[in-house]
Amino acid sequence: MMHRFFRRGLLAVASTLLLASCSENKADKATTLPYIGEHDVRARPDGGPADTIYATIPRFTLTNQEGKTVTTNSLAGKVYVTDFFFATCPSICPKMQSEMLRVYEQYKNNPRVAFLSHTIDPAHDSIPVLRDYAERLGVTNASQWQFVTAPHDTIFALARAYMTGAEADKKAAGGFAHNGTFALVDGQRHVRGLYDGMNPKEVDRLLRELPVLLAEEAAKQPKP
């Protein structure tokens with residue numbers, strides 16, 4: 001039976017893909033992206049219009065391929081793209097990372113954009129393994145595309161927060177089941193887009209929507 005976390009990740013992506021299909025070709029005209037995930041509506045004490053509070057990614061502490069600590073503060077104010085992988089993955093990871101590399105190549109000199117790839121096999125994917133994996137992809141700037149590790153519980157909790165399916169599964173190739181979801185996250189840790197990282201058309205959509213989010217974030221900055 002499909003695990004509920006894995007199933008929820010698939011449902012989240014499926015819902016996003018449905019929305020994307022309904023708004024295809026509108027990304028160039030959009031000025032904002034939707035907030036994805038749970039939200040709460042709270043009455044204001046002054047009686048004004050209620051505030052809508054959107055879910056945020058929980059605070060985390062991870063370690064990257066250089067052995068450096070990565071926290072939510074490390075990414076504060078940046079737009080970032082996430083995925084979940086493992087170095088010995090025999091199935092979808094090579095395709096996913098080649099698609100992520102396509103996004104990285106367009107933004108690798110932009111300090112406002114970061115990439116965060118989480119290993120779901122921390123027992124094998126040590127710091128040297130992550131460093132070698134990054135280097136084989138041609139990623140030399142560890143401050144922009146970080147391959148990170150943490151205990152299983154931390155990684156799987158983050159996968160749920162990013163609405164990605166990931167779990168240990170002895171019956172799956174390589175011992176882990178996961179989907180290829182890319183999550184686009186804003187500078188306040190809200191998920192603003194979900195994309196099937198196995199589908200080049202979906203990654204094209206990410207490439208169209210990422211500038212929309214950057215413009216939206218820039219508009220929030222105080223005017224001089």
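When a residue number appears, it is its place in the shown sequence, counting from 1. Every value quoted in this text rests on a predicted model; they were computed, and no experiment measured them.
- Formation of a donor-acceptor pair under 3.5 Å by the R205 side chain with backbone atoms of L194 is found in this model.
- Ring pair Y80/Y162 is perpendicular by interplanar angle, where above 60° counts as perpendicular and below 30° as parallel.
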**Request:** Please lay out, stage by stage, how V79 and L184 fare under the test side chain to side chain contact (heavy atoms under 4.5 Å, CB included).
**Result:** CA-CA 7 Å; V79 165; L184 176 61; 3.5 Å; yes
**Request:** Kindly indicate, with the supporting measurements, whether the criterion side chain to side chain contact (heavy atoms under 4.5 Å, CB included) is fulfilled by T69 and T61.
**Result:** CA-CA 7 Å; T69 300; T61 300; 3.6 Å; yes
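- No donor-acceptor pair closer than 3.5 Å links the side chain of R192 to the backbone N or O of I36.
- Applying the side chain to side chain contact (heavy atoms under 4.5 Å, CB included) test between V81 and each of L116, L206, V203 identifies L206 as the sole match.
- Under a 4.0 Å N-O distance rule, the pair R136/D132 qualifies as a salt bridge.
- Side-chain contact between Y195 and E209 is present, with at least one heavy-atom pair separated by less than 4.5 Å.
- The minimum heavy-atom distance between H178 and F85, with the atom names listed, is CE1-CA, 4.1 Å.
- A salt bridge does not link E135 to R131: none of the charged side-chain nitrogens sits closer than 4.0 Å to a carboxylate oxygen.
- For the pair T154 and L62, the minimum side-chain heavy-atom distance is below 4.5 Å.
- Counting only heavy atoms from C-beta outward, the side chains of Q188 and E217 approach each other to under 4.5 Å.
- The ring-ring contact (aromatic ring centres under 6.0 Å, His included) search around F60 returns none, not counting sequence neighbours.
- For Q97 against D83, the heavy-atom pair with the smallest separation is OE1-OD2, 2.9 Å.
- Here the closest non-hydrogen pair linking N110 and L214 is ND2-CD1, 4.1 Å.
- Once rounded to the nearest 0.5 Å, the distance linking OG1 of T119 with CD1 of I155 reads 7.0 Å.
- For the atom pair CG (N179) and CE (M163), the distance works out to 12.0 Å, reported to the nearest 0.5 Å.
- Across all non-hydrogen atoms, the minimal contact from V113 to L210 is CG2-CD2, 4.0 Å.
- For F86 against C93, the heavy-atom pair with the smallest separation is N-SG, 3.7 Å.
- Hydrophobic clustering of Ile, Leu, Val, Met, Phe, Trp and Tyr side chains at less than 4.5 Å, counting indirect connections, unites L137 with I92.
- Remark: H152 pairs with F156, F176 by the ring-ring contact (aromatic ring centres under 6.0 Å, His included) rule, at least two apart or across chains.
- D125 contributes a side-chain N or O that, together with a main-chain N or O of A87, makes up a donor-acceptor pair within less than 3.5 Å.
- Considering CE of M100 and OG1 of T82, their distance stands at 6.5 Å, rounded to 0.5 Å.
- Connection of L75 to V191 is established within a shared hydrophobic cluster, with ILVMFWY side chains joined at heavy-atom distances below 4.5 Å, either directly or through further cluster members.
- Annotation: ring-ring contact (aromatic ring centres under 6.0 Å, His included) contacts of F182 (sequence neighbours excluded): none.
- In plain terms, the two heavy atoms of N73 and R59 that are nearest each other are OD1-NH1, 3.5 Å.
- One hydrophobic cluster, built from ILVMFWY side chains closer than 4.5 Å, cannot hold both Y35 and L33; they sit in different ones.
- Under the 4.5 Å side-chain heavy-atom criterion for grouping Ile, Leu, Val, Met, Phe, Trp and Tyr, F147 is not connected to V129 through any hydrophobic cluster.
- Atom CD in E202 sits 6.0 Å away from atom CG in D196 (nearest 0.5 Å).
- Under a cut-off of 6.0 angstrom, the local environment of NZ in K170 is sparse, with at most 12 non-hydrogen atoms contributed by other residues, nucleotides or ligands.
- Remark: the backbone N or O of Y107 is paired with a side-chain donor or acceptor of Q144 at under 3.5 angstrom.
- Between the side chain of D186 and the main chain of H190, a donor-acceptor pair closer than 3.5 Å is present.
- Contact of the M96 side chain with the C89 side chain is not registered, since no non-hydrogen atoms from C-beta on lie closer than 4.5 Å.
- L158 is listed as a side-chain neighbour of I57, based on a closest heavy-atom distance under 4.5 Å.
- A single hydrophobic cluster is not seen to contain both I127 and F115; linkage of ILVMFWY side chains at heavy-atom distances under 4.5 Å, directly or through other members, places them apart.
- Under 4.0 Å is where a charged nitrogen must lie from a carboxylate oxygen, and between R102 and E105 no such pair does.
- The aromatic rings of F84 and H118 sit parallel to each other, their planes meeting at less than 30°, with 60° as the upper class boundary.
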